[in-house]
There are 2 protein chains.
Amino acid sequence: MPKEVKTDIWGALADSTRREVLLLLRSRPHTAGELADQFELTAATVSHHLAILRGCGLVRVERRAQTLIYSLATEGLEEVFAFLRLFVRGKRK
Amino acid sequence: MPKEVKTDIWGALADSTRREVLLLLRSRPHTAGELADQFELTAATVSHHLAILRGCGLVRVERRAQTLIYSLATEGLEEVFAFLRLFVRGKRK
DNA sequence: ACTATTTTTAGAAGAAAATCAAAATAAGGA
DNA sequence: TCCTTATTTTGATTTTCTTCTAAAAATAGT
């Protein structure tokens with residue numbers, strides 16, 4: 001299956017295409033092709049972004065026949081949240 | 001005064017030195033020199049990181065005589081929070 | 001005016017990231 | 001087996017970041 005590449009979640013979130021992918025996956029899982037269609041980038045480039053999101057565990061992938069289905073796996077965002085919370089203590093709503 | 005350079009807050013947060021600066025400023029304002037001393041980087045490099053944090057409004061700076069005093073300005077983190085909250089709805093604690 | 005202190009800016013080198021086109025892989029069907 | 005579809009990997013190019021050294025700017029004291 002695809003190769004994992006990156007582990008730094010902050011780096012993964014720094015790219016707007018990857019953040020957009022996460023937003024798209026919020027509604028439902030998408031195939032790699034569906035995701036690629038949403039951007040003015042080649043499928044190869046989007047595939048590369050997906051590899052990075054996989055690498056830090058923000059998405060998971062599952063094969064169904066020829067297609068790869070990507071879905072959200074946001075447990076990893078906890079780390080980011082934990083950092084941010086350090087700066088908004090007292091803002092409990 | 002110093003020149004502003006960057007506006008992308010996600011990009012600013014992607015660097016571990018800059019995140020560390022934010023953590024240091026959490027306790028109290030620091031001079032540029034104090035901050036530089038915390039890292040194994042030249043003062044010029046740390047100054048550059050500070051310029052980026054300034055550029056996206058995560059810190060503010062004030063001059064006192066020869067020294068520049070940096071302090072936290074985390075209102076900008078709201079944008080990041082807003083994004084993250086989209087993924088943890090239902091996790092209200 | 002000169003000097004010392006603190007910090008930033010300018011310029012350059014190296015490393016890392018984003019992107020594309022082309023080739024490779026995986027799976028299914030004729 | 002050969003062909004088609006879906007996606008990834010490879011290799012190269014370009015752009016963007018990080019970092020340094022050296023020089024410049026700002027301020028205060030003598």
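Here is how names work: the chains are called A, B, and so on, in the same order as the sequence lines, proteins then strands, and each is numbered from 1.
Heavy-atom distances under 4.0 Å link DNA chain D to A:Gln66, A:Thr67, A:Leu68 of residues 60-69 of chain A, given in residue order. Taking a 4.0 Å limit (strictly below) on heavy-atom distances, residues 26-45 of chain A reaches DNA chain D at A:Thr31, A:Ala32, A:Gly33, A:Ala43, A:Ala44.
Across all strands shown, A:His48 has heavy atoms under 4.0 Å from base atoms, whether or not it also approaches the sugar-phosphate.
Between the NE2 atom in B:His49 and the CD atom in B:Glu20 there is a gap of 12.0 Å [rounded to 0.5 Å].
Judged by distance alone, the side chain of A:Arg54 and the main-chain N or O of A:Cys56 form no donor-acceptor pair under 3.5 Å. Under the 3.5 Å distance criterion, the side-chain polar atoms of B:Thr74 are left unmatched by any main-chain donor or acceptor of B:Leu77. At least one donor-acceptor pair closer than 3.5 Å links the side chain of A:Arg18 to the backbone N or O of A:Gly11.
Here C:dA17 presents its P atom at 11 Å from CG of B:Asp15, a figure rounded to the nearest Å. For the pair A:Arg18 CZ and C:dT19 P, the computed distance is 9 Å after rounding to whole Å. Distance, A:Asp8 CG to C:dA15 C1': 15 Å, rounded to whole Å. Residue B:Leu50 contributes atom CG, which lies 16 Å from atom P of C:dT6 at whole-angstrom precision. Distance CG (A:Leu53) to C1' (C:dA18): 14 Å, rounded to an integer number of Å. Regarding B:Glu20, its CD atom lies at a distance of 15 Å from the P atom of D:dT18, rounded to whole Å.
Side-chain contact between B:Glu79 and B:Ile9: present, with at least one pair of heavy atoms (C-beta onward) separated by less than 4.5 Å. Put simply, the side chain of B:Leu53 does not reach to within 4.5 Å of the side chain of B:Tyr70, judged on heavy atoms. In this structure, B:Leu35 and B:Leu25 have side chains that are in contact, with non-hydrogen atoms separated by less than 4.5 Å. Side-chain contact between B:Leu58 and B:Leu13 is present, with at least one heavy-atom pair separated by less than 4.5 Å.
Sorted by first and then second residue, the salt bridge (charged side-chain N to carboxylate O under 4.0 Å, His left out) pairs with a member in residues 26-39 of chain B read B:Arg28-B:Glu34; sequence neighbours excluded.
When the side-chain nitrogen and oxygen atoms of B:Tyr70 are compared with OP1 and OP2 of C:dT8, one or more of them lie within a distance under 4.0 Å. Dashed line: the shortest gap from a side-chain N or O of B:His49 to OP1 or OP2 of D:dC17 is not under 4.0 Å.
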